[in-house]
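Heads up, the thing below is written out as structure tokens.
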Amino acid sequence: MNSELLLKNLNPEQQKAVQHHSGPLLIIAGAGSGKTRVITHRIAYLIDHYRVKPMNILAVTFTNKAASQMQERVADLVGPVADFITISTFHSFCARLLRIEGEHIGLKRGFTIYDATDSENLAKKVLSELNLDPKRFSEKMMLSAVSASKNNLILPEDYPEDSFSEEKIKQFYASYQKKLKESNAVDFDDLIMQTVVLFKRHPNILEKYQKRFQYILVDEYQDTNHTQYILVALLAASHKNICVVGDDDQSIYSWRNADIRNILEFEKDFPNTTTIKLEQNYRSTSSILEAANNIIAHNLNRKAKSLWTENPKGEKIQVYQADSERDEAQFITNEINQLIKKGVRLKDIAVLYRMNSQSRVLEEVFLNNKLPHIIYGGIRFYDRAEIKDTLAYLRLIANPYDTISFNRAINTPKRGIGPVTIAKIEDAKENFGVNYLDTLLRATSIPNLGSKLKVISEFARLWYYFTTYQEGHTITEIVESIWDKTEYMKILENEGTDEALARIDNLKEFLSVTKSYDERTDNMGSLNGFLEEISLITDIDRYSDTSDAISLMTVHSAKGLEFPVVFVTGLEEGLFPSSRALYDESQIEEERRLCYVAITRAMKLCYLSYAETRFLWGQTSYNRISRFIEELPEEINNLSRKAARVTKSANQVATSFSSPLPELRSGDKVLHGKFGKGIVIEVKGAGKSQEVTVVFDGCGLKKLMLEYAKLTKI
DNA sequence: CCTTACGCCATTTTT
DNA sequence: TGGCGTAAGG
């Protein structure tokens, strides 16, 4: 494409960002300011105008979805040479690099990437070996300490030991790392940290990649942690051609150790930085933008910026006060039904919430009202037991050192192997000084196996078979072979319960994942490549706007997306902002940014709702209206809010001041507000749960709950 | 070694 | 509320 054409339809700031040639560049890109457009056009401009070779460009994002979207859009601009640009997430970039260079830091080929559950299982092992009081040192807390260390580039040997608990954490950290290494595995945080360690220990390798990646772009820079910052800084150290794009107002991952200072102090870290602010919003109506601006203005710790738009004013923000979470869901349902009548498509609508558990009621009510919807997040597909079982076998084929997968596979399906036998195998493995597979292949030399010897030898034979079968077969074939030879499928089929059937369905879905991988890689994809891909995938990556359904997701997952209509739910003190944040101003600021992200997803219509009572964690709670709604100026929301109050109080009058329940028996004549006159033909139950069946003159037979149906005896 | 039942627990966001 | 771990029984 002609490089002049690339500048067309860009505003002056965007053009400046695209045309910037070398040296550090900081782009502060407000919500909806055409950020992706600028990055993709900049990449294309580097190639077309400055003649940079595609293979010398590295673009890093946080989600797979952002990466593949970027890849696509760049390909639209520059054509097939886009394949030579490295566009990937931090994690998969590092994973691929470690596949190639890992041996320099003791990682063998085929190393396994442990997900959160695997890490927890490993942590449990370590914890029980260390004999620590599980009340004081839970694996959760230990793991978050380890994660924080890794994200801040603190190695086990650098961990402080100034207090008793620090000492214990240090111990834990060290043996956890030792176990990972023995398993030839890394956890998520290791992917980044080990890459940095590699670069620091082997400057020649770093140099190789510095020469390779002469132009570096980082998306969502506000979400980088310290280790990621170091990684990027190391790669850019020699040429300083680093362009970061981000928005401090959209920093919502500090709990994962994202360091907002990275973006606030970029200019200090990289002298002679060119800074460009993209402040024109192309996404939202000015009402929506004004609401978002008003809320975020309450944050003190931020870069000054003022987002503006030429878009029309549009509808005011709607605020709805619900009686309960059910009422909230019902309101959203009714509103959506109205919108559908006006021609709004379901896929144009998103319902956002603070935490996944809020999706339950919404799902129920949507189901009752037959509203097609998709819930993103929650239980990950790859976390399901049957998928993990299959994955355990695949991982063992790739990595015979993997202790977590070994512990899972050895007794799946049930072979009567428990902790006692496993301990014997572990002992033998230590003595033999080889991996699990080689240990089992010598099972006859393992002492005291007794009657288990047979079944273990059988398992070893199977495992060895899989490792040879792997050569020259597709992932799909390997998986089918596993299910066949272990009789995993057969066992599920024989069970025949609903649960077993659901598991079989999931396995079939898994097969479609392997098939698409096989196709994509021309049946030449490696097992490692496949395992890597699925361990780094998240639920939100499944998001596609092809199916016509309402999207339900957390605000965090919605970052980077946009929808014509957005409902933000649960705006209550203690929920949004979260109760964990209430007493810490910096955490309140993060919640506020989260709210800002939520509102700025909306293009045309934005609804905010809160419930006066909410059934949460097994009990009903009464929360005050969220401060974020109060931070909206009256003229933006006042009208709809008052309207909501009025309808609400009308309901309240109806329910709390209604006359005592009428005593009815069959044959009584009754009057109903909507159905008119009728005759009672049956009365069931007593007191509040009494149910009456009435034949109405106009509309026939109805069953009514006495408590809710406003029936009057006549 | 496995299954079941019970009681206790915590309760966000995820690459 | 429900998910999980423990303890007891099969």
Side-chain angles (χ1 to χ4, degrees), chain A residues 60-67 88-95 113-117 119-120 124 128 134-135 138-141 143-144 147 150-151 186-193 219-220 223-225 227-228 250-258 325 352-361 376-380 382-383 410-423 450-452 455 532-541 553-560 570 574-582 587 590-591 593-595 597-598 614-621:
Chain A
V60 204
T61 64
F62 274 87
T63 64
N64 298 296
K65 192 179 67 58
S88 99
T89 64
F90 269 101
H91 295 267
S92 63
F93 172 73
C94 291
I113 300 169
Y114 278 174
D115 67 16
T117 324
S119 302
E120 267 169 49
K124 271 178 210 155
S128 68
K135 285 249 182 325
S138 69
E139 76 238 21
K140 235 180 170 170
M141 175 222 142
L143 279 176
S144 77
S147 176
K150 291 182 175 178
N151 290 329
V186 295
D187 64 18
F188 280 140
D189 302 316
D190 268 339
L191 285 171
I192 320 285
M193 186 180 77
D219 191 16
E220 307 281 14
D223 289 335
T224 50
N225 61 42
T227 307
Q228 285 161 333
Q250 294 185 63
S251 159
I252 55 175
Y253 281 105
S254 77
W255 52 274
R256 244 175 52 192
N257 308 301
E325 74 277 6
L352 309 183
Y353 34 80
R354 181 65 239 271
M355 41 185 199
N356 277 314
S357 58
Q358 286 172 258
S359 68
R360 271 181 105 110
V361 203
Y376 296 92
I379 343 114
R380 268 180 58 215
Y382 297 102
D383 280 343
I410 183 85
N411 202 31
T412 312
K414 301 264 181 285
R415 297 188 176 90
I417 307 292
V420 182
T421 313
I422 290 176
S451 61
K452 308 286 179 199
V455 74
E532 186 169 303
E533 198 173 288
I534 58 175
S535 48
L536 296 177
I537 217 155
T538 64
D539 222 51
I540 195 69
D541 294 324
M553 62 182 89
T554 64
V555 183
H556 280 90
S557 326
K559 199 182 68 163
L575 184 61
F576 198 176
S578 149
S579 56
R580 302 286 181 95
L582 291 180
Q587 288 190 54
E590 176 139 327
E591 296 286 315
R593 292 193 291 270
L594 198 54
C595 184
V597 168
R614 182 176 293 273
F615 196 71
L616 208 58
W617 306 319
Q619 58 176 358
T620 307
S621 48

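Here is how names work: the chains are called A, B, and so on, in the same order as the sequence lines, proteins then strands, and each is numbered from 1. We use all heavy atoms of the structure for the numbers below, so side chains are in, but hydrogens, waters and symmetry mates are not. Everything numeric here is computed off the predicted structure, so don't read it as measured data.
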A side-chain contact here means heavy atoms from C-beta on lying under 4.5 Å apart; do [X] and [Y] qualify?
{"X": "A:H556", "Y": "A:V597", "answer": "no"}
{"X": "A:F62", "Y": "A:Q228", "answer": "yes"}
{"X": "A:V186", "Y": "A:Y114", "answer": "no"}
{"X": "A:L536", "Y": "A:L191", "answer": "yes"}
{"X": "A:F90", "Y": "A:T224", "answer": "yes"}

Identify, between A:G416 and A:F62, the residue whose nearest nucleotide on DNA chain B lies closer to the 5' end.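 Per heavy-atom nearest nucleotide, the more 5' residue is A:G416.
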Taking the nucleotide of DNA chain B with the nearest heavy atom to each, does A:K452 or A:H556 sit closer to the 5' end?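 The residue closer to the strand's 5' end, by nearest nucleotide, is A:K452.
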[X] has a side chain; which of [options] sits nearest to it?
{"X": "A:N356", "options": "B:dC1, B:dT13, B:dT3", "answer": "B:dT13"}
{"X": "A:T421", "options": "B:dT11, B:dT13, B:dC1", "answer": "B:dC1"}
{"X": "A:K414", "options": "B:dC2, B:dT13, B:dT14", "answer": "B:dC2"}

Interatomic distance, [X] [atom1] vs [N] [atom2] [rounded to whole Å]:
{"X": "A:R614", "N": "B:dT11", "atom1": "CZ", "atom2": "P", "value": "19 Å"}
{"X": "A:I422", "N": "B:dC1", "atom1": "CD1", "atom2": "C1'", "value": "12 Å"}
{"X": "A:I417", "N": "B:dC1", "atom1": "CD1", "atom2": "P", "value": "8 Å"}
{"X": "A:Q587", "N": "B:dT13", "atom1": "CD", "atom2": "C1'", "value": "12 Å"}
{"X": "A:I192", "N": "B:dT14", "atom1": "CD1", "atom2": "C1'", "value": "13 Å"}
{"X": "A:M141", "N": "B:dT11", "atom1": "CE", "atom2": "P", "value": "14 Å"}
{"X": "A:N225", "N": "B:dT14", "atom1": "CG", "atom2": "C1'", "value": "13 Å"}
{"X": "A:F576", "N": "B:dT11", "atom1": "CZ", "atom2": "P", "value": "20 Å"}

P-based separation of B:dT13 from C:dC4 [nearest Å]: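 Going atom to atom, P in each nucleotide, I get 14 Å.
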Considering only atom P, compute the distance from C:dG5 to B:dT12 and round it to an integer number of Å.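 One P to the other, the span is 16 Å.
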Mark up nucleotides 1-10 of chain C, 5' to 3', with B wherever a protein heavy atom is under 4.0 angstrom from a base atom, S wherever such an atom reaches only the sugar-phosphate, and - elsewhere. SS--S-----
In terms of side-chain geometry, is the basic nitrogen of A:R354 or A:E591 positioned less than 4.0 Å from the acidic oxygen of its partner?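 Between A:E591 and A:R354 there is a salt bridge, with a charged N closer than 4.0 Å to a carboxylate O.
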Does a side-chain N or O from [X] land closer than 4.0 Å to OP1 or OP2 of [N], or not?
{"X": "A:N411", "N": "B:dC2", "answer": "yes"}
{"X": "A:T554", "N": "B:dT14", "answer": "yes"}
{"X": "A:R580", "N": "B:dT13", "answer": "no"}

Please determine whether any donor N or O and acceptor N or O are separated by less than 3.5 Å between the side chain of A:R256 and the base of B:dT13.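 No pair found.
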Could you check whether any side-chain N or O of A:N411 sits under 3.5 Å from a backbone N or O of A:I417, counting only pairs where one atom can act as donor and the other as acceptor?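 Side chain of A:N411 to backbone of A:I417, a donor-acceptor pair under 3.5 Å: yes, one is there.
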Answer yes or no as to whether B:dT14 has its base stacked against A:Y253, where stacking requires a ring-centre separation under 5.5 angstrom and planes under 30 degrees apart.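 Here the ring of A:Y253 and the base of B:dT14 are not stacked, as the 5.5 Å and 30° limits are not both satisfied.
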Looking at every strand, decide which applies to A:V555 at a 4.0 Å heavy-atom threshold: base, sugar-phosphate, or nothing.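 The residue A:V555 makes no contact with any strand.
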Name the nucleic acid region contacted by A:F188, choosing base, sugar-phosphate or nothing; use a 4.0 angstrom heavy-atom cut-off, strictly under.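 A:F188: base contact, heavy atoms under 4.0 Å.
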In chain order, what residues pass the side-chain hydrogen bond (donor to acceptor under 3.5 Å, both in side chains) check against A:E532, with sequence neighbours excluded?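 By the side-chain hydrogen bond (donor to acceptor under 3.5 Å, both in side chains) rule, A:E532 matches A:R99.
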